[in-house]
Every structure is written in C-alpha cells, then in structure tokens.
Amino acid sequence: MEAIEVRGLRKTYPGHEAVRGIDLSVTRGEVFALLGPNGAGKTTTVEILEGHRRRSGGDVTVLGEDPGTAGRAWRARIGIVLQDTDDAADLTVAEMVKHVAGFYPDPRAAAEVIDLVGLTEKAKSKIRALSGGQRRRVDVALGIVGRPELLFLDEPTTGFDPAARRQFWDLIRALAAEGTTILLTTHYLEEAEALADRLAVLAGGLIVAEGTPATLGGRANSGAKVSWREGGVAKTEQVADPTELIRHLVKIDADLTTLTITRPTLEDVYLNLIGAGR
Ligand code: ATP
C-alpha cells in the first residue's frame, strides 16, 4: 500500500498557479526527496499533504486518508518539520520536547530524541539561547518525538554544519530502517543522493523528472569522461563505457597515476533538468 498517493494535484494562489497538476506515489518505508528551485511548489505540495493547506484540485491520499478532512488520530501518525518554525523560545530544549511528546499516544522518551538529534548537552538550555542550526535540530526532534509512520521534512538541514548534517543523515537512515516513510525537500543534492530511494524534480509547479539518484534524467546512461596523460600530454575522451579504453591504456603503458573517470553528478543532471545546466 502507498503511504502517499497524489493525482492531478493543483494549487492556485490569487493570481498564481503554484502547482499545476502533479502525480506522485510514495511507497511505505520509502525515503522520497522532492527537489526543485525556489518557488517550484515544493512547500505548497508538502503542506497540502500535511493537511496544513487546502488544495485547489486533484486527489490526495496520505496514510489512507484525505489530509484535507483527516482528524486527530491521523495527525498523530505523521511527523512534521516545517520550513519555518517559530520556536517557543522561553522553554528549554527538554521542556519543549516533553511538551510536544504529550500530544502523542506513544511518544519516544524526550532524552532519547534529544540524544538522536545531538542536543544532549543543550537539553537544559533555553531554545532562544541556541544557534540557528541547533534550533533546527530541535525542530527535527519535535518532528520525530511522536514516533511517526510518515515524516515530512521541509529543508530539514538548512543551517546545519557538515558534521551535524552527517549525523542527521544517520538519523534518517535509522528511522527508515525502522520502517518510517520519509518525504523530504532539500536544496542539497548530495543530501538527496545520500538519503533518497527515489526522487522527483519539481519546476514551475510540474514534475519534470522522477527516478532514483542513479537513474534520474538518464544519469545511468550518460557515459563517462576519461582523462589521462600520455607522453606528458593531457588527453580526454567521452565514452559510454570506459572498459575498452582502459584496457587500451594499460596495453600502451599510459601513465595511469593521472587517470580520472568522471560521471555527471546528481547536481549536473538536476541543473540540466531545470534548464540551468551549463
Ligand atoms: P523554496 O525552495 O523557495 O522553498 P518552494 O518550491 O517550496 O520554494 P513554494 O513555497 O511552494 O515553493 O511556492 C510556490 C509558488 O507559490 C511561489 O511562486 C510562491 O511565491 C507562491 N506562493 C507560496 N505561498 C503563497 C501564498 N500564501 N500566497 C501566494 N503565493 C504563494
């Protein structure tokens, strides 16, 4: 059964059609990433799926219910990390996590959640005394404290330092391994590559490509650029499959210490898809 099923979703704001008829399926247990430039319609889509925004048209089913009409029991099964949150700054981290845990029937222990997001040392600090990245980690803690079946993460790692981002990736992998379905938006292509089983690219309110990180936009068939030096001269060849060329280079005793094989990164493919490729 699908965790999320979207058919012909549309959203029109006064004077602007932000989502123009998209189809989307996310299977239970999957990590799905929604990519796209600023203003593409990602947050609008995610907010509709969360039941935080009304749609203008189309069919949406999330955990078997229409988020536009689903009630509290449904809400307790999902976790949400919004793009912008206004933290209750006068509470400590532990107080805030315990407070939100109280809304759920089977929450995780506050200390466990705080540890999972790497804030144990800050548990007794007031939220307003935290750095931007640390506050974002509180947002993530609040999103997972209710042990959600489905977790929505809208640009979850904005402001994270590289070590915190890696720690967050481990957390997402652990949640996914427990069977949590995860829908995330991100502008970090390496994040999408590290986490997503599948991804979709949204541009101008439409899905322009969908696939796995390895196959998106024909990436798997896009060949490789092989570079090496031969007799002190730099050489480069673009090939579909480098095997034969490498055999040849070995045979002619080329200097393989200079050999590089590069393929398009997910970012290269993405930029091409949204029409910003070089
Ligand atoms: P970002 O990457 O910047 O977060 P996004 O893909 O999440 O962008 P959305 O926030 O969904 O994009 O916005 C899609 C479009 O709808 C944008 O052009 C935005 O200006 C417009 N929009 C969003 N919210 C509203 C609103 N409440 N009223 C009117 N227009 C809106």
Side-chain angles (χ1 to χ4, degrees), residues 4-26 31-62 66-68 78-87 132-133 135-140 142-143 150-160 164-165 168-169 172 181-196 198-211 213 216-217 265-277:
I4 299 174
E5 191 78 59
V6 172
R7 291 288 164 258
L9 177 64
R10 289 188 301 104
K11 176 66 187 180
T12 308
Y13 294 115
H16 182 68
E17 204 177 4
V19 178
R20 299 194 288 148
I22 66 169
D23 296 342
L24 206 62
S25 296
V26 178
V31 179
F32 193 96
L34 208 48
L35 309 176
N38 293 137
K42 303 181 297 298
T43 297
T44 299
T45 301
V46 170
E47 287 180 350
I48 290 168
L49 300 180
E50 293 166 348
H52 279 182
R53 198 174 277 287
R54 287 178 171 280
R55 60 187 185 267
S56 308
D59 297 317
V60 179
T61 308
V62 175
D66 180 340
I78 67 172
I80 295 178
V81 176
L82 297 172
Q83 194 175 99
D84 299 302
T85 44
D86 206 3
D87 292 321
R135 284 184 200 203
R136 199 67 188 132
R137 295 198 221 177
V138 174
D139 295 337
V140 174
L142 301 182
L150 170 61
L151 178 61
F152 292 102
L153 299 162
D154 200 356
E155 297 185 26
T157 61
T158 301
F160 279 27
R165 178 163 295 132
F168 170 80
W169 292 357
I172 294 305
T181 308
I182 295 165
L183 177 67
L184 87 149
T185 75
T186 182
H187 288 296
Y188 301 109
L189 277 297
E190 78 279 16
E191 182 161 289
E193 180 143 40
L195 295 179
R198 284 193 308 129
L199 31 83
V201 178
L202 205 55
L206 292 170
I207 289 181
V208 295
E210 203 177 329
L216 190 83
T265 62
L266 187 58
E267 186 161 290
D268 294 332
V269 171
Y270 167 80
L271 289 172
N272 268 322
L273 282 168
I274 62 163

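Remember, it's 1-based here, ligands and their atoms both numbered in the order they're listed. Because only heavy atoms are used, hydrogens play no part in the values below, and waters and symmetry mates are left out as well, while side chains stay in.
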Give a yes/no on ligand 1: does Glu155 have at least one heavy atom closer than 4.0 angstrom to it?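 Contact check Glu155 vs ligand 1: positive.
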
How many angstroms lie between atom CD1 of Ile78 and atom CG of Leu49, to the nearest 0.5 angstrom?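 Taking CD1 in Ile78 and CG in Leu49, the distance rounds to 9.0 Å.
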
What distance separates Leu24 CG from Leu34 CG, expressed to the nearest 0.5 Å?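 CG of Leu34 is found 6.5 Å from CG of Leu24.
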
Looking only at protein heavy atoms, identify the closest one to atom 9 (P) of ligand 1 and say how far it is in Å.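 Checking every protein heavy atom, the shortest distance to atom 9 (P) of ligand 1 gives Thr44 OG1, 3.6 Å.
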
For atom 27 (N) of ligand 1, the protein heavy atom that lies nearest, with its residue and separation: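 Minimum-distance protein heavy atom for atom 27 (N) of ligand 1 reads Tyr13 CE2, 3.7 Å.
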
Under the 4.0 Å line, does any protein heavy atom show up next to atom 19 (C) of ligand 1?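 Looking at atom 19 (C) of ligand 1, one finds that no protein heavy atom lies closer than 4.0 Å.
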
Of all the heavy-atom pairs spanning [X] and [Y], show the shortest one and how long it is.
{"X": "Pro37", "Y": "Tyr270", "value": "N-OH, 3.1 Å"}
{"X": "Tyr188", "Y": "Gly159", "value": "OH-N, 4.4 Å"}
{"X": "Val19", "Y": "Gly41", "value": "CG2-O, 3.9 Å"}

Below 4.0 angstrom from a heavy atom of Thr43, which ligand 1 atoms are there? Numbered from 1 as shown, please.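 Those qualifying, in numeric order: 4 (O), 5 (P), 7 (O), 10 (O), 11 (O).
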
Check this for me - ligand 1, Asn38, N or O atoms closer than 3.5 angstrom, yes or no?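 By distance alone, the answer is yes.
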
Can any side-chain N or O of Arg165 pair as donor or acceptor with the backbone N or O of Glu191 at less than 3.5 Å?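 It does not hold such a pair.
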
Examine the side chains of Ser25 and Arg7 and answer whether a donor and an acceptor come within less than 3.5 Å of each other.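 Indeed, the side chains of Ser25 and Arg7 share at least one donor-acceptor pair under 3.5 Å.
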
Is ligand 1 under 4.0 Å from a heavy atom in the side chain of Pro14, in the backbone, in both, or in neither?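 None of Pro14 does.
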
Quick one: which of Ala40, Gly39, Ala18, Ala203 has a heavy atom closest to atom 8 (O) of ligand 1?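 Among Ala40, Gly39, Ala18, Ala203, the closest heavy atom to atom 8 (O) of ligand 1 comes from Gly39.
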
Heavy-atom nearest neighbour of atom 4 (O) of ligand 1 within options His187, Lys42, Gln83: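 Nearest heavy atom to atom 4 (O) of ligand 1 lies in Gln83.
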
